[in-house]
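All residue numbers in this chain count up from 1 along the given sequence.
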Amino acid sequence: QVHLVESGGGLVQAGGSLTLSCAASGRTFNTMLGWFRQAPGKEREFVARRWWTGSVIDYADAVKGRFTISRDNGKNTVYLQMNNLKPEDTAVYYCAASFGPVGTSWSEFNYWGQGTQVTVSS
């Protein structure tokens, strides 16, 4: 069982930066953490993922080089550092978790936060 709470969303101008936080509680052993986003009228899409206890990290091509997923073990928190934001990044961002290895499809993740809105103006 994993409980997730996101925070840190807001309004930012294109080219700016924002950091999202995902506070996790419960199981962390063999747990994969992921970030997804969903824009109006669009499907939920993969952004980034990593193991809680490992360093295997994947990024979607659209955010590679601009976003960074990291964690603070002492705070049980996962972060999504977003730099050089673009209007196309506007979406509701979700933190997700699953036990064991999974892919990049949102349907493979079992536990979800409630989401936080990120809006990037041009």
Do you know which two heavy atoms are closest between [X] and [Y], and how far apart they sit?
| X | Y | result |
| --- | --- | --- |
| N73 | W52 | OD1-NE1, 3.9 Å |
| D61 | K64 | OD1-NZ, 3.1 Å |
| L33 | A97 | CD1-CB, 3.8 Å |
| W51 | G100 | CH2-C, 3.4 Å |
| T116 | G9 | OG1-N, 3.1 Å |
| A14 | S122 | CB-CA, 4.3 Å |

Residue pair F109, F36: steps toward the ring pair (Phe, Tyr, Trp, His ring centres under 6.0 Å) verdict: CA-CA 10 Å; F109 286 76; F36 292 79; 5.1 Å; yes

From CA spacing to verdict: side-chain contact (heavy atoms from CB on, under 4.5 Å), Y79, D72: CA-CA 8 Å; Y79 302 96; D72 185 324; 3.7 Å; yes

Give, for atom [atom1] of [X] and atom [atom2] of [Y], the distance between the pair rounded to the nearest 0.5 Å.
| X | Y | atom1 | atom2 | result |
| --- | --- | --- | --- | --- |
| L11 | Q117 | CG | CD | 9.5 Å |
| S17 | R66 | OG | CZ | 10.0 Å |
| I57 | R49 | CD1 | CZ | 11.0 Å |
| W106 | Q38 | CH2 | CD | 8.5 Å |
| S98 | N30 | OG | CG | 11.0 Å |
| E45 | T104 | CD | OG1 | 11.0 Å |

Pair T68-S70, side-chain donor/acceptor within less than 3.5 Å: no

Intermediate values then yes/no, side-chain contact (heavy atoms from CB on, under 4.5 Å), E6 and Y93: CA-CA 8 Å; E6 304 102 328; Y93 283 70; over 6 Å; no

Indicate, with yes or no, if [Y] and [X] share a hydrophobic cluster defined by side-chain heavy-atom contacts under 4.5 Å among Ile, Leu, Val, Met, Phe, Trp and Tyr.
| X | Y | result |
| --- | --- | --- |
| M82 | V92 | no |
| L80 | W112 | no |
| M32 | L20 | no |

Do [X] and [Y] have side-chain heavy atoms sitting under 4.5 Å apart?
| X | Y | result |
| --- | --- | --- |
| F46 | D58 | yes |
| Y94 | L4 | no |
| F67 | W35 | no |

Got a donor-acceptor contact below 3.5 angstrom from the [X] side chain to the [Y] backbone?
| X | Y | value |
| --- | --- | --- |
| Q1 | G26 | no |
| R37 | V118 | no |
| T19 | Q81 | no |
| E108 | G103 | yes |

Basic-acidic side-chain contact under 4.0 Å: K86, D89: no

